[in-house]
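Below is one structure, written out as structure tokens, with a few remarks after it.
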Amino acid sequence: TVISTGILVPFLEEILFRGLIYNELKACLPVSAAAVIQAFLFGIYHMNLLQAIYAFLIGLVLVYVCIKTDSIWPAIVLHAGVNNTSVVMGRLISAETLYSYGILLCVISLAVMFISLVLIWKKTKAHYISL
């Protein structure tokens with residue numbers, strides 16, 4: 001599960017949504033519109049209302065990471081971290097607490113993304129200051 005959901009899926013989804021869809025959309029739309037549309041499609045792709053909501057938000061964060069770092073690789077790593085959090089939490093929490101699990105997963109994923117964004121922001125800020 002960790003290999004498929006935690007590594008392979010994030011790699012392929014990033015190639016598809018941030019690599020192909022976003023890049024094609026930004027060729028003919030403003031960057032902000034391309035970012036929102038690819039995030040919306042990423043949310044719909046998950047075909048579950050709860051997942052669609054946080055996948056949309058994660059899609060916005062991941063495209064922001066791609067834009068700020070000018071690379072898809074940090075987004076792949078961040079996406080893998082979010083998915084692996086889901087896999088681990090899924091093993092730790094019973095089916096009776098699935099709804100709470102979804103909320104907890106959203107909170108943990110958002111915390112992981114926030115910390116990652118702060119680190120990326122500090123790294124890119126330091127990079128531009130040194131130039």
Side-chain angles (χ1 to χ4, degrees):
T1 303
V2 169
I3 291 172
S4 64
T5 304
I7 299 171
L8 185 60
V9 169
F11 178 78
L12 294 174
E13 287 180 348
E14 289 309 308
I15 297 288
L16 176 63
F17 288 97
R18 265 58 70 188
L20 296 173
I21 293 173
Y22 169 71
N23 281 319
E24 288 298 316
L25 288 171
K26 78 175 184 173
C28 59
L29 295 171
V31 169
S32 58
V36 170
I37 292 169
Q38 69 77 35
F40 179 75
L41 294 173
F42 185 62
I44 290 173
Y45 169 78
H46 285 82
M47 294 187 284
N48 172 307
L49 182 59
L50 182 60
Q51 278 187 313
I53 293 168
Y54 75 79
F56 172 75
L57 297 173
I58 290 170
L60 290 175
V61 170
L62 293 171
V63 76
Y64 173 78
V65 168
C66 289
I67 292 166
K68 287 301 276 184
T69 62
D70 198 29
S71 173
I72 198 169
W73 289 105
I76 291 170
V77 171
L78 180 57
H79 192 158
V82 169
N83 280 21
N84 279 312
T85 300
S86 175
V87 169
V88 170
M89 293 303 293
R91 299 290 186 238
L92 296 176
I93 297 175
S94 67
E96 293 83 35
T97 58
L98 190 56
Y99 180 74
S100 299
Y101 157 70
I103 294 170
L104 180 62
L105 178 59
C106 287
V107 169
I108 290 170
S109 296
L110 289 172
V112 168
M113 285 190 304
F114 177 76
I115 292 166
S116 299
L117 286 174
V118 168
L119 294 173
I120 288 168
W121 180 77
K122 285 183 177 182
K123 174 97 172 142
T124 56
K125 182 178 174 187
H127 172 72
Y128 290 120
I129 290 172
S130 68
L131 291 176

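Under a hydrophobic clustering in which Ile, Leu, Val, Met, Phe, Trp and Tyr are joined whenever their side-chain heavy atoms come within less than 4.5 Å, directly or via other members, L12 and W73 fall into the same cluster. Note on I37 and Y54: same hydrophobic cluster, where clusters join Ile, Leu, Val, Met, Phe, Trp and Tyr whose side-chain heavy atoms are under 4.5 Å apart, directly or indirectly. I58 and I72 are not part of a single hydrophobic cluster, where members link through side-chain heavy atoms under 4.5 Å apart.
Contacts classified as side-chain hydrogen bond (donor to acceptor under 3.5 Å, both in side chains) and involving residues 56-65 (residues at least two apart or in different chains) are not found. Evaluation of the salt bridge (Lys or Arg N to Asp or Glu O under 4.0 Å) test over residues 6-15, restricted to residues two or more places apart or in two chains, returns E14-R18.
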Show the atom names and distances, to 0.1 Å, of all donor-acceptor pairs under 3.5 Å that link a side chain in residues 20-33 to residues at least two apart or in another chain.
residue : atom : partner : partner atom : Å
N23     : OD1  : K26     : NZ           : 3.4
N23     : ND2  : G19     : O            : 2.6

Would you list the atom pairs, donor with acceptor, under 3.5 Å between side chains in residues 39-49 and any protein atom, with sequence neighbours excluded?
residue : atom : partner : partner atom : Å
H46     : ND1  : F42     : O            : 2.7
N48     : OD1  : L50     : N            : 3.0
N48     : OD1  : Q51     : N            : 3.2

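With sequence neighbours excluded, the residues satisfying side chain to side chain contact (heavy atoms under 4.5 Å, CB included) with V61 are V65, L78, M113, L117. With sequence neighbours left out, the side chain to side chain contact (heavy atoms under 4.5 Å, CB included) criterion links N83 to T5, V9, P10, H79.
Atom CG of L62 is separated from atom CD1 of I76 by 10.0 Å, given to the nearest 0.5 angstrom.
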